[in-house]
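Take a look at the structure below.
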Amino acid sequence: MNLFGSGCDTPSMGIRAGVRGEQMLGVSVPQIGDEEIAEVVDAIRSGWVTSGPRVSELQHRLADYLGVPFVRCLNSCTASLSLALYVSGVGLGDEVLVPALTFASCANVVVHRGAKPVFVDTDPETGLIDLADAEAKVTPATRAIMPVHLAGHPVDLDAVEALCARHGIEVVEDAAHAIGASWRGRRIGSHGDLTAFSFHATKNITTFEGGALALWDEATAERVGRLALNGITRSSWARHGDADAAGYDVPEPGYKLAMHDVAAAVGIHQLPRLDGWIDQRRDLADLYDARLAGLPLELPPRAPAHARHAHHLYIVRVARNAPVGRDGVAAALRARNIGTSVHFRALHLHSWYREHSGLAPRDLPAAADWSARALTLPLFPAMTADDVEAVGCALEDAFS
Ligand SMILES: *Cc1c(COP(=O)(O)O)cnc(C)c1O
């Protein structure tokens, strides 16, 4: 029932005309406080702006927060996934099980290792990787699986662990959406051997661009740190002030993927606020659930009781019998200055992967269906109940 009658577009209602006057309501807006700005200035003034003490501090704080012994900060989640595959030994001719419904970088990093991403269909209720389909696609060439905690909703890690044990394959978790989420009382990042996080500007915490790999094995952590700095055994920060300033070796060629201290300066002050932000995100998601009930939308599923959802994204699906399709709804919201996004258009529908996988859209029917109907609504901690109301009104009008 529409409590506002046809008054949803009454200009006197302020928020209902254009949201926040002329200002666009973005899908995701980073929260940058005075502490972050002051720390960035301090980092720049310190004279040490490349990978150094602030990166090291952020790594320790993240390890503490996640409950893992080691974290290596890198310049993106993409870099973290790439090095995770590298240290897992994924190479030429191997296959990696990747959900079709994810961001491009998940499959790109597999291709760049000379391996083949094998796309897995989507659980139609949750949007997460369909683990029965994953298991059906295991072959003798399968080396690893890359579950993605889409929207911050944890994948069933008990089932992932059992699948990996049955087939002797590695797991590389993509937790780009899931910092702060947990599964059976332990944070996402502390279950698998290798978990990648993103601190891109749109994610739950940010270093603007950045990411991290959480690990259990010390030798692997050292190797990842080295591979991020061209393969040299001692970083310039470690050598700084040494008599033997040229003293390093190159045991294997690396890449250039390290985080720098100015970025870490931002992350150091984001992390302590993460849990409060997730609570705010959860409250906003609850408001959306209540406001959108009754509209021709399928609302996001709840995480099981033994898990904590990180509420990174609020993804609805436009009902099949709705009077307007997803693109029409997105356009109607755009006309009200409300941003939306799509998470995701499945990878087998993108031209390179369509050609190289040989998959038709219907070969992964649930992923194709989700791609056609999913719409991500604005969700970030500084949003207000009025913003949720404005989005609710705009949706109501779009369907009426
Ligand atoms: C954002 C994102 C990435 C990539 O993160 P970057 O830090 O930008 O490299 C990977 N996977 C998923 C699911 C994402 O949403």
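This structure is a prediction, so every number in the text was calculated from the model and none was measured. Remember, it's 1-based here, ligands and their atoms both numbered in the order they're listed.
Atom 11 (N) of ligand 1 has D174 OD2, 2.6 Å as its closest protein atom, hydrogens excluded (heavy atom only). In this structure, the protein non-hydrogen atom closest to atom 1 (C) of ligand 1 is K203 NZ, 1.6 Å. Distance from atom 15 (O) of ligand 1 to its nearest protein heavy atom, with residue and atom name: H177 NE2, 2.6 Å.
Ligand 1 lies nowhere less than 4.0 angstrom from a heavy atom belonging to H343. Residue contacts with ligand 1 include G210, since one of its heavy atoms falls under 4.0 Å from the ligand.
Between Y314 and Y288, the ring planes lie parallel to each other; the angle is under 30°, not in the 30° to 60° tilted range. By the 30° and 60° cut-offs, the orientation of the rings of H312 relative to H177 is tilted.
Between S28 and T202 the shortest heavy-atom distance is OG-O, 2.9 Å.
Distances below 4.0 Å separate heavy atoms of T78 from the following atoms of ligand 1: 4 (C), 6 (P), 9 (O). Under a 4.0 Å criterion applied to the non-hydrogen atoms of T102, ligand 1 contributes the atoms 13 (C). Each of the following atoms of ligand 1 lies closer than 4.0 Å to a heavy atom of C77: 4 (C), 5 (O), 6 (P), 7 (O), 9 (O), 10 (C). Every atom of ligand 1 is numbered from 1 in the order shown, and the set under 4.0 Å from a heavy atom of A176 is 2 (C), 3 (C), 10 (C), 11 (N), 12 (C), 14 (C). The S105 neighbourhood of ligand 1 comprises atoms 3 (C), 4 (C), 10 (C), with distances under 4.0 Å to a heavy atom of that residue. Close approach of ligand 1 to V148 (heavy-atom distance below 4.0 Å) involves ligand atoms 13 (C). Against a heavy-atom cut-off of under 4.0 Å, S198 is close to the following atoms of ligand 1: 5 (O), 6 (P), 7 (O).
The closest donor-acceptor contact from the side chain of R373 to the backbone of V318 lies under 3.5 Å.
The pair R317-D369 does not count as a salt bridge, with every side-chain nitrogen at least 4.0 angstrom from each carboxylate oxygen. Using a 4.0 Å cut-off between charged side-chain N and carboxylate O, D279 and R308 make a salt bridge. Under 4.0 Å is where a charged nitrogen must lie from a carboxylate oxygen, and between D121 and K137 no such pair does. Under the 4.0 Å criterion applied to side-chain N and carboxylate O atoms, R61 and D64 are not assigned as salt-bridge partners.
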